[in-house]
Amino acid sequence: MIAITTDGSERSTHVFPHAAKLAAALGWPLGLLHVLGPDDEPGQVEDDLRNMMDVAGIEAARAVIERTKEEDVASAILRAANELGARILAMDSRGHGALHHVLSGSVAMSVIGRSTIPLLLTGPKAEVPVQSEAFRVLVTADRSPASEGILSALQPLLSSLQVTLLMVFVPELADRGDRVELASCHQYLQDVQNRLLSGLRCDVVVKRAGAPRDVAPIIVNTAMEVRASAIAMSTRGHAARQHVIFGSTAADVLGQSPLPLLLARQ
């Protein structure tokens, strides 16, 4: 199951069509989670959820959750997702403008930091996907254990999806020249494909960035070029600090991308 979280706002529904497209590609059901606020009435919330589903054109099991005294909203979401047997959580970041600051202390950040299952997250520029197209995931790689870890975390999903591996090369002073370094990047991605994606249909792409600030727009532009439906990145997360749990490149991509991020911890 893919469990979608909503607070009842219009903004929170932006992730609905992306979750529905991924669920259709995987052949999984959808669930819709709402954590009751202090002023919410359960009956009205149930009606609102049904209306939201009708507008979005989706079918989903509904779960209206009451928090215990010990729980914050993120904890209640994760508990309910576990009780439903969810294998992916889907939510909107509610980000506007300076996304790094918006995410700090947000429910989305709390869920990212604690979730043991992948998270499908839409940002402020998310657009409605083309449902008729196949679901392709652009997976970023950077030679780190964390970036390889996302392939292991997503392994159960990728056999049902199309995959593109992307590495963005940023030149450094000690490099051996673009030709050698780009060839090394290609060889690394081929090795990753053989080790972690054996038997799966997978394309490999290497792009060159002029500077670190160019990496996020290159990732987004490449995702659009290959007609991806989501961009998969690692949260690099076991540490409690937010900049470790959700790296700056991932936040930049989320802020710029019309596609959702598919995040997973190593």
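For reference, positions follow the sequence shown, starting with 1.
Sorted by first and then second residue, the pairs that involve residues 49-62 and meet side-chain hydrogen bond (donor to acceptor under 3.5 Å, both in side chains), not counting sequence neighbours, are E46-R62, D47-R50. Applying the side-chain hydrogen bond (donor to acceptor under 3.5 Å, both in side chains) test to pairs two or more places apart or on separate chains, those with a residue in residues 214-227 are E133-R227, K207-T222, K207-E225.
The residues D203 and R136 are annotated as salt-bridged, a charged nitrogen and a carboxylate oxygen being separated by less than 4.0 angstrom.
Side-chain atoms of D48 and Q44 form a donor-acceptor pair, as typed in the model, at a separation below 3.5 Å. D72 and S75 share a side-chain donor-acceptor pair at under 3.5 Å.
If you chain together hydrophobic residues whose side chains sit under 4.5 Å apart, V220 and V226 fall into the same group. A single hydrophobic cluster is seen to contain both V253 and M224, as judged by linkage of ILVMFWY side chains at heavy-atom distances under 4.5 Å, directly or through other members.
Residues that satisfy the side-chain hydrogen bond (donor to acceptor under 3.5 Å, both in side chains) test with E41, not counting sequence neighbours, are absent from this structure.
With a 6.0 Å radius and a threshold of 12 heavy atoms from other residues, nucleotides or ligands, E66 has its CD atom at or below the threshold. More than 12 heavy atoms of other residues, nucleotides or ligands lie within 6.0 Å of CZ in R143, so this atom counts as buried by the packing criterion.
When each of K21, H18, Q131, Q162 is checked for a side chain to side chain donor-acceptor pair (under 3.5 Å) with S229, only K21 meets the rule.
In this structure, G8 and S12 approach most closely via the heavy-atom pair N-OG, 4.0 Å.
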